[in-house]
Amino acid sequence: MMNRWHAVKRLLPILAGLALLLSACGRADLSTLQPQGPIAEKQYDLMKLSIGMMTVVVVIVFLILAYVLIRFRRRPGQTEIPKQVEGSHKLEIIWTVIPIILLVILVVPTVKYVFEFAQDYTKDKNAIQVKVTSHQYWWEFDYPQLGIKTGQELVIPTTKKISLQLNTVDVLHSFWVPSLFGKIDTNPEGNTNKMYFEAPKAGVYRGKCAELCGQSHALMDFKVKAVDEAKFDAWVQEMKAPAVLPQDPALAATFEKKCLSCHAVGDKGGTLGPNLTGIGNKQAVAGVLLNDEAPVEENLKTWIKDPEKVKPGSKMPKVTLTPEELDGISKYLANYKLQYDNGK
Ligand code: HEC
Ligand SMILES: [Cu+2]
C-alpha cells in the first residue's frame, strides 16, 4: 500500500504539469477550442461528440475490466480451471450492435457537415471572393471583385460569407485560422481548393501555415481582420486610392527604384511582394514582428535591414540602403496608415 502511494505521489507533478499545459490552450484568437465563427463551431461540435463518445466507451470498458479482474480473480486454494464460455450469441450481438450504433451516431453529423463545408460559393455574388496564394513565406490575398491585391492581413466584413480559392506558387502549404475554420491545403499541382467561412464577430484572428514548407514555415503567420461593413467599404476605398510616396523626392526615387519593383503602394508598383499600402497600421510586419510588441517603425527597420535574419530563406533580398534611406523609408512606411479603423 505504501509503495503504491509513493508511485502516485511521483506522478502528481506530471499530472499537474499536463493540466497546466492544457489550461493554456485558451487564446480566443488562436484556439480551435474557442470557436469564433459558425464553421469552427460546427467542427468543434464534431470534436466534442467524438471525444465525448470515446470517453464514455473508455470509462465503461475500464469499469467492466476492473469488475472482471476483481470478481473473477483466482482465489487462494483454487486449483480447478473455471467454467469456459465461448460462442455466446448474446455477448456477440451486444458487442457488434453497440459499436454499429455508435458509428452511426458519429457518421450522420460528420457526413452532413462534410457536405455542408464543401458547398461552393465561388459563383455567389453576395459572398466576398478571395484568391489566396501561398508563397514561401507569406500569404497573398487577391479580391477579384474589388480589384485589390494585398498580403499578410485578410480584411473581411463581418456580415458576409467569405469564399476562398486557394493555390500556391511554390510548395505545399496549408491555410489555417484555428478559431475560424480547419486547415486547407494549397496544392502545387495547380488544382485549386475551395472553401468558405464567416467571422460574425469583429476582431483579429491569428492564422498559421499548417504544413511544413521550409525553414521559415513556423514564421509564416498571417492575420484575419473582421470589421463591420462600413469599415470594410472604407478600407476598400483607401486601398484603391492613389499611392502616397515619400515627400522627399530623392527618398521617393529610391523607394520607387528599390522597393516598388516588387511591392505596391496604392496604384503603383509590383506584385512580387505583399502590398505595402497601410503597412503603418497593420497588426504585424512580415507576419511575425508584432506591432503591439514593438513600435511599427522599429519592426519595419528590423525587417528591411535584414529580412533573412527575421525569416531565414525569405524571398525578400537584403536591399542596399544608406542608414538615412533606411530611416527615411521606415518612417515613411510607419506613417502610411489607413483611416478605416480610425487609424488604429
Ligand atoms: C525582389 C523583391 C523585393 C524587393 C526588391 C523588396 N521586397 Fe520587400 N518583400 C518581398 C517579399 C517576397 C516579401 C515577403 C517576405 C516574407 O514575409 O516572407 C517582402 C516583405 C516586405 C515587408 C513586409 C510586408 C508585410 O505585409 O508585412 C516590408 C515592409 C517590405 N518588404 C519592405 C520593403 C522595402 C522598404 C523595400 C525596398 C527597400 C523592399 N521591401 C524591397 C520582396 C521584395
Ligand atoms: Cu507554408
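In each ligand, atom 1 is the first atom listed, and ligand 1 is the first ligand listed.
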Please list, one pair per line, the donor and acceptor atoms closer than 3.5 Å that link side chains of residues 43-54 to other protein atoms, with sequence neighbours excluded.
| from | atom 1 | to | atom 2 | distance (Å) |
| --- | --- | --- | --- | --- |
| Gln43 | OE1 | Gly182 | N | 3.0 |
| Ser50 | OG | Leu46 | O | 3.0 |
| Ser50 | OG | Met47 | O | 3.3 |

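Aromatic ring orientation, Phe181 versus Phe175: parallel (interplanar angle below 30°, classes split at 30° and 60°). Between Tyr143 and Phe232, the ring planes lie tilted relative to each other; the angle falls in the 30° to 60° range.
Each of the atoms 27 (O) of ligand 1 lies under 4.0 Å from some heavy atom of Val285. For ligand 1, the atoms sitting less than 4.0 Å from at least one non-hydrogen atom of Ala286 are 23 (C), 25 (C), 27 (O), numbered in the order shown with element in parentheses. Applying the 4.0 Å criterion to heavy atoms of Ser314 picks out, from ligand 1, the atoms 15 (C), 18 (O).
Residue His263 has at least one nitrogen or oxygen atom sitting less than 3.5 Å from a nitrogen or oxygen atom of ligand 1, judged on distance alone. Distances between N or O atoms of Asn275 and those of ligand 1 include no value under 3.5 Å. Where the criterion is an N or O separation shorter than 3.5 Å, residue side chain and backbone included, Ile304 fails it with respect to ligand 1. For the pair Lys315 and ligand 1, the shortest N or O to N or O distance does not fall below 3.5 Å.
Among the atoms of Met220, an N, O or S atom falls under 2.8 Å from the Cu ion (ligand 2). Among the atoms of Cys262, no N, O or S atom is found under 2.8 Å from atom 8 (Fe) of ligand 1. At least one N, O or S atom of Cys213 sits under 2.8 Å from the Cu ion (ligand 2).
Residues that satisfy the side-chain contact (heavy atoms from CB on, under 4.5 Å) test with Asn291, not counting sequence neighbours, are Val285, Val296, Asn299.
Under the 3.5 Å distance criterion, with hydrogens and angles disregarded, a donor-acceptor pair is assigned to the side chains of Asp185 and Ser174.
The closest non-hydrogen atom to atom 15 (C) of ligand 1, taken over Tyr137, Trp303, Tyr336, Tyr332, comes from Trp303. By heavy-atom distance, the residue among Ile329, Ile279, Thr320 lying nearest atom 25 (C) of ligand 1 is Ile279. Checking Ser216, Gly278, Cys259, Pro317 against atom 35 (C) of ligand 1, the nearest heavy atom belongs to Cys259.
Note on ligand 1: Lys282 sits in its first shell, one or more heavy atoms being nearer than 4.0 Å.
Taking the Cu ion (ligand 2) as reference, the nearest N/O/S atom within His173 carries the name ND1.
Closest to atom 29 (C) of ligand 1, if we only count protein heavy atoms, is Leu300 CD2, 3.5 Å.
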